[in-house]
**Student:** 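Before we start, here is the structure in question, set down as structure tokens.
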Amino acid sequence: MIKEYTTITEVNGPLIIVSKISDVKYNELVEIELSDGEKRRGQVLEISEDKAIVQLFEGTSGIDIAHSKVRFLGKSIEIPVSLEMLGRIFDGSGRPIDNGPGILAEKRLDINGNPLNPYARDYPNDFIQTGISSIDVLNTLVRGQKLPIFSGSGLPHSKVASQIARQAKVLGKEETFSVVFAAMGITFEESYFFANDFRRTGAIEKSVMYINLANDPAIERIITPRIALTTAEYLAFEKDMHVLVILTDMTNYCEALREVSAARKEVPGRRGYPGYLYTDLATLYERAGRIKNKKGSITLVPILSMPEDDKTHPIPDLTGYITEGQIILARELHLRGIYPPINILPSLSRLKDKGIGKNKTREDHSNVMNQLFSSYARGKESKELATILGEAALTEEDKKYVKFSDKFEELFIQQGEHENRDIEESLNIGWETLAMLPVNELKRIKDEYIQKYLPKISGEDENNK
């Protein structure tokens, strides 16, 4: 039953306080009708005796306390879902912005999702190919995983996100793959880049896009990722699709949470963020995964920009606790013109061992990965030693590792923005760089793999000379 009130007593930032209410529920959807007939939507944040604090998604500017009506709709926020959403672009509240028709809903779903029984979860173990060597070989993405990208201001995380969305696919099986892309607090230029790139490459056909612009109400950013994940749950668990969800930029989402928290006069936590930031992020991230006896899956790649490149900032810090690893973009590589500027050594995919190997990627994958990590780390150490003590302090082996690290960045890490490498090609490039080192230094690779793959790569190099 819809209840209507004209008892707005206070407007504070994105919040209004409605008094003399009864039978109102937490998270209930609210409609506010202004004196000129304009309607805005909101959500109940808190109830205290006969008062309700309502968060408005379109902002509170222009609200006339005396002549505005508030209707409590008796339900939480729902979005219409159907397969018609594929290939469409929506705003942060789920309304079409691509000049297309409205969605003919198959059903309407609560954007907060349904609680998932932990026992019903299935373990992530299928490889997802992104076409980016430094992810596929060294920080492998697995179906059902949560793998964030930590970036900094000015780094090309938008390009990396778009490339992953275009190129990602599940190998070895004829299964339906789709992408749900949600951008929060981005500029018009960025939104044009994403929309144009998806259309130009045809990726839009398998994608659903939600875009919240920087000049849209900040409060809308709080519901945008929830709408995106609800769409993903529908496609994955009701339509048996493998869904990759990309959320950018989670820092803007957290700033919106801080704004609401400040308006509610809550006791602030670290750096002014609400004390429940960890719990709130977990309610989003934990919606990814696989469910037993369900064909579909949700793989989540949240992207966040670290203020001042600080990994100890509350947002990346808490994200690291909830997710299964992180991919870190390096400013130093970016300044040297290397794309994608993925910093291999501090990056980590905790589930990579579950998605690689024979019948998944290739039998030598694990050995090549470990050897590349080890050799690159030694090359970087030798470079630092040369910086401090001079090149004369390096042994001949150290000098080979320095050359290896340079070649590794030039051949393996660096690739074109539209270069889509399959896993075989990426592993072969890894072998090509390892061929620079003496065979007796390849201590992390089985002899049988050295005999099988290294001569082939070395022979190709000789023919190319």
**Student:** According to the interplanar angle, ranging from 0 to 90°, do the rings of F404 and Y401 count as parallel (below 30°), tilted (30 to 60°) or perpendicular (above 60°)?
**Tutor:** perpendicular
**Student:** Whether R258 engages the ring of Y273 as a cation-pi pair (distance to the six-membered ring centre under 6.0 angstrom, angle to the ring normal within 45°) should be assessed.
**Tutor:** yes
**Student:** Quick one about N428 and R362 (side-chain donor to acceptor, distance below 3.5 Å, no hydrogens or angles considered), yes or no?
**Tutor:** yes
**Student:** Without hydrogens or angle criteria, can the side chains of D136 and Q129 be said to hold a donor-acceptor pair below 3.5 Å?
**Tutor:** no
**Student:** Testing the 3.5 Å rule here: is there a donor-acceptor pair between the side chains of D249 and T251?
**Tutor:** yes
**Student:** So, R336 and E409, do they make that salt bridge, N to O below 4.0 Å?
**Tutor:** yes
**Student:** Any chance the side chains of N420 and R166 put a donor and an acceptor closer than 3.5 Å?
**Tutor:** no
**Student:** Using the rule given for side chain to side chain donor-acceptor pair (under 3.5 Å), can you reason through S162 versus D197, listing the C-alpha separation, both sets of side-chain angles and the distance that settles it, and then say yes or no?
**Tutor:** CA-CA 8 Å; S162 183; D197 190 70; 2.4 Å; yes
**Student:** Quick one: CG on L389 to CG on L394, what's the gap to the nearest 0.5 Å?
**Tutor:** 8.5 Å
**Student:** Taking atom types as modelled and ignoring hydrogens, do the side chains of T299 and R143 form a donor-acceptor contact shorter than 3.5 angstrom?
**Tutor:** no
**Student:** Taking the six-membered ring for Trp and the single ring otherwise, decide whether the centroids of F194 and F181 are under 6.0 Å apart.
**Tutor:** yes
**Student:** Do you see a donor-acceptor pair shorter than 3.5 Å between the side chains of S374 and R444?
**Tutor:** yes
**Student:** With rounding to the nearest 0.5 Å, note down the distance linking CD in Q55 to CG in N27.
**Tutor:** 9.0 Å
**Student:** Give, for atom CD1 of I111 and atom CD of E78, the distance between the pair rounded to the nearest 0.5 Å.
**Tutor:** 10.0 Å
**Student:** Please identify each residue that fulfils side-chain hydrogen bond (donor to acceptor under 3.5 Å, both in side chains) with R270, with sequence neighbours left out.
**Tutor:** D317
**Student:** Indicate whether any N or O donor in one side chain lies under 3.5 Å from an N or O acceptor in the other, for E266 and S261.
**Tutor:** yes
**Student:** Count the heavy atoms of every other residue, nucleotide or ligand shown that sit under 6.0 Å from CZ of F188, and state whether that count exceeds 12.
**Tutor:** no
**Student:** Cut-off 3.5 Å, side chains only: do Q145 and S349 have a donor facing an acceptor?
**Tutor:** yes
**Student:** Salt-bridged, D122 to K292, with N to O below 4.0 Å?
**Tutor:** no
**Student:** Nearest 0.5 angstrom please: H157 NE2 to S305 OG, how far?
**Tutor:** 5.5 Å
**Student:** Could you tell me whether the side chains of N252 and R221 share a donor-acceptor contact shorter than 3.5 Å?
**Tutor:** no
**Student:** In terms of side-chain heavy atoms, does Y285 have a donor or acceptor partner in T319 at a distance below 3.5 Å?
**Tutor:** yes
**Student:** Mind checking the CG-OH spacing from D406 to Y376? Nearest 0.5 Å is all I need.
**Tutor:** 9.0 Å
**Student:** Regarding Y253 and T224, is there a side-chain donor-to-acceptor distance under 3.5 Å anywhere?
**Tutor:** no
**Student:** Decide whether T230 and R287 meet the rule of one side-chain donor and one side-chain acceptor closer than 3.5 Å.
**Tutor:** yes
**Student:** Mind listing the closest non-hydrogen atom pair of A377 and L345 along with its distance?
**Tutor:** CB-CD2, 4.0 Å
